[in-house]
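In this text the structure is predicted, and so the values were computed from the model without any measurement.
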Amino acid sequence: MGALQRFAVTAAVGCIALLSAGDRASAQIKIGSVLSVTGPASFLGDPEKRTLEIYVDEINAKGGVNGQKLQLVVYDDAGSADNARTFATRLVEEDKVVAMVGGSTTGTTMAMVQIFEEAKIPFISLAGAIQIVEPVRKWVFKTPHTDKMACEKIFGDLKRRNLTTIALISGTDAFGKSMRDQCVAVAPKMGITVAIEENYGPRDSDMTPQLTNIRNKAGVQAVVNPGFGQGPAIVTRNYRQLGIALPLYQSHGVASKQFIELAGAAAEGVRLPAAALLIAGKLPDSDKQKPVVENYSRTYQTKAGQAVSTFGGHAYDGFMILVEAMQRAKSADPSKVRDEIERTKGYVGTGGIVNMSATDHMGLDLSAFKILEIKGGDWTLVPDT
């Protein structure tokens, strides 16, 4: 009853704590998760939570891992780094989890990193910024492509279009700032000139002044928007309202159908880097990811009743990498599991083919990214050539 009482208290203070194992008495391996299920980043945390619940139940229905059932403990940080830190401490000190899959945003992830490092518990983050895994920390891993990779993928597409002078309009949140910094650093190495920069805050509801400055800047050939949440959708709508005809690129932080719905008709023609998951049915049969992303898409849409997003895919990959590591280790001992996560090779996931090492705690390269363009309210693949 102690565990149930803790969950009741947790609900009273506005977080979500739940066991996704059916028979709680038989659950023996505790896996923690802190996600932004509500709040401004709920478009990330909600599909992540649903995904973890679906696949914990599926694994348990098949007998669990190494003969033991899984118990999932989820807390909702509502997008707050302070909440995330509190819940991470609770997972370590009270819930006694053996591993953690979560951290919807860069800000919440970075607030929890030191806690899991000190506790020596494997932490697989679902957030985007490169700073999560560079420099490498012994106990911290991540599944999404980095913001640096997003800049490189976007700039590669710009070069193919002979567009070399850009404007940046960036969110001031942790992810937006990190990606902005990476794009500025990568640009000269790839022959891209940043002619003007603007930014916006997470609560800004009109980016017309910043975009007007960009529109009036001579020589700009394209615009790149590092950011996530509602900000990029507002940028996209204001962009079209101002009649700016330049190509507009968004980040992988908006790689979900929700962005298209929020931006509406203004999203037409927008390009962004994203995982193959969004175009599962359009991949060639020879693509190794096709059966994985099609299966995940089918399962998620059937059980969650909503369209897939790359964010739920990140949770799927993090959870499956953890499960496979426990199976190889034949143990749920955190140290042994950490070592096996780091040895992950050839894992075919929704985000790409993962090959981790002691110096790479993400394991993806640029081939795992696709450039997509929104046409007719849907995703289409832009060839790399």
Side-chain angles (χ1 to χ4, degrees), residues 128-130 143-170 175-176 179-180 182-183 186-187 189-194 220-228 232-233 235-236 239 244-260 263 266-284 286-290 292-293 297 307-311 313-314 317 349-353 362 364-385:
I130 195 170
T143 55
H145 315 79
T146 68
D147 43 11
K148 179 182 179 182
M149 292 169 66
C151 297
E152 292 171 338
K153 197 71 178 180
I154 290 170
F155 292 167
D157 191 62
L158 285 167
K159 292 293 289 292
R160 282 188 291 274
R161 302 172 81 178
N162 295 314
L163 305 173
T164 59
T165 302
I166 69 167
L168 285 177
I169 178 167
S170 312
F175 173 78
M179 183 172 170
R180 174 266 170 202
Q182 293 302 318
C183 284
V186 167
K189 301 174 185 177
M190 298 191 67
I192 299 294
T193 299
V194 179
V220 172
Q221 298 173 300
V223 180
V224 179
N225 179 192
F228 82 103
V235 167
T236 303
Y239 198 86
I244 302 175
L246 304 174
L248 175 61
Y249 286 79
Q250 296 290 352
S251 78
H252 57 313
V254 299
S256 74
K257 197 74 171 180
Q258 187 176 11
F259 168 74
I260 298 177
E268 190 75 8
V270 168
R271 290 190 179 188
L272 71 157
L277 175 60
L278 295 183
I279 52 168
K282 300 174 183 177
L283 294 172
S286 59
D287 194 307
K288 290 182 179 179
Q289 283 185 266
K290 185 166 186 173
V292 175
V293 295
S297 297
V308 296
S309 72
T310 58
F311 313 118
H314 299 329
D317 290 343
T350 68
I353 299 176
M362 177 184 64
L364 294 172
D365 59 28
L366 272 183
S367 68
F369 247 161
K370 313 292 184 184
I371 287 287
L372 306 184
E373 181 173 331
I374 299 169
K375 289 184 178 181
D378 199 5
W379 310 107
T380 61
L381 178 64
V382 177
D384 281 339
T385 55

Peer 1: Could you pull out the closest heavy-atom pair between Gly191 and Thr164, with the gap in Å?
Peer 2: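 That would be O-CB, 3.7 Å.
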Peer 1: Measuring from atom CD of Gln289 to atom CG of Leu283, what distance do you get when rounded to the nearest 0.5 angstrom?
Peer 2: 7.0 Å
Peer 1: In the structure I gave you, are the side-chain heavy atoms of Phe369 and Leu364 within less than 4.5 Å of one another anywhere?
Peer 2: no
Peer 1: May I ask you to decide if Gly351's main-chain N or O and His145's side chain share a donor-acceptor pair within less than 3.5 Å?
Peer 2: yes
Peer 1: Can you give me the closest heavy-atom contact between Ile166 and Leu158, atom names plus distance?
Peer 2: CG2-CD1, 3.8 Å
Peer 1: Under the side chain to side chain contact (heavy atoms under 4.5 Å, CB included) rule, what do Thr310 and Leu278 come out as? Steps first, then yes or no, please.
Peer 2: CA-CA 7 Å; Thr310 58; Leu278 295 183; 3.7 Å; yes
Peer 1: Minimum heavy-atom separation for Gly227 to Val254, with atom names?
Peer 2: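 That would be O-CG1, 4.1 Å.
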Peer 1: Under the side chain to side chain contact (heavy atoms under 4.5 Å, CB included) rule, what do Ile192 and Lys159 come out as? Steps first, then yes or no, please.
Peer 2: CA-CA 8 Å; Ile192 299 294; Lys159 292 293 289 292; 3.8 Å; yes
Peer 1: Just how far is it from atom NZ of Lys153 to atom OG of Ser367, taken to the nearest 0.5 Å?
Peer 2: 7.5 Å
Peer 1: Does the side chain of Leu272 come within less than 4.5 Å of Trp379's, by heavy atoms?
Peer 2: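 Yes, side chains in contact.
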Peer 1: Determine, step by step, whether Lys282 and Lys370 satisfy the side chain to side chain contact (heavy atoms under 4.5 Å, CB included) criterion, reporting the C-alpha distance in whole Å, the side-chain angles of both residues, the deciding distance to 0.1 Å, and the verdict.
Peer 2: CA-CA 12 Å; Lys282 300 174 183 177; Lys370 313 292 184 184; over 6 Å; no
Peer 1: From Thr146 OG1 over to Gln182 CD, what is the distance, rounded to the nearest 0.5 angstrom?
Peer 2: 7.0 Å
Peer 1: For the backbone of Thr165 and the side chain of Gln221, can you confirm whether one donor and one acceptor N or O come within less than 3.5 Å of each other?
Peer 2: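 Yes, the answer is positive, given that a donor and an acceptor are paired below the 3.5 Å cut-off.
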Peer 1: Would the distance check show the side chain of Glu268 and the main-chain N or O of Gly376 forming a donor-acceptor pair, the cut-off being under 3.5 Å?
Peer 2: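 Yes, Glu268 side chain to Gly376 backbone: donor-acceptor pair under 3.5 Å.
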Peer 1: At what distance, to the nearest 0.5 angstrom, does CD1 of Ile279 lie from NZ of Lys290?
Peer 2: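 Between Ile279 CD1 and Lys290 NZ, I get 10.0 Å after rounding to 0.5 Å.
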Peer 1: Could you report the tightest heavy-atom contact between Val194 and Ala187, atom names first, then the distance?
Peer 2: CG2-CB, 4.1 Å
Peer 1: Please report the interatomic distance NE2(His314) to OG(Ser309), rounded to the nearest 0.5 Å.
Peer 2: 7.5 Å
Peer 1: Do Phe259 and Ile374 make a side-chain contact, defined as non-hydrogen atoms from C-beta onward lying under 4.5 Å apart?
Peer 2: yes
Peer 1: With heavy-atom distances below 4.5 Å as the criterion, would you say the side chains of Pro226 and Asp147 are in contact?
Peer 2: no
Peer 1: Does anything in residues 246-260 form a side-chain hydrogen bond (donor to acceptor under 3.5 Å, both in side chains)? List the pairs, not counting sequence neighbours.
Peer 2: Asp157-Tyr249, Arg161-Tyr249, Asn225-Gln250, Thr236-Gln250
Peer 1: State, to 0.1 Å, how close Val293 and Ala280 come at their nearest heavy-atom pair, and which atoms those are.
Peer 2: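 Scanning both residues, the minimum pair turns out to be CG2-CB, 3.6 Å.
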Peer 1: Is the shortest heavy-atom distance from the side chain of Cys151 to the side chain of Met179 under 4.5 Å?
Peer 2: yes
Peer 1: Could you check if a side-chain atom of Leu381 sits within less than 4.5 angstrom of a side-chain atom of Leu372, using non-hydrogen atoms only?
Peer 2: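 Leu381 reaches Leu372 side chain to side chain.
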Peer 1: I need the Thr143 OG1 to Met362 CE distance, nearest 0.5 Å.
Peer 2: 10.0 Å
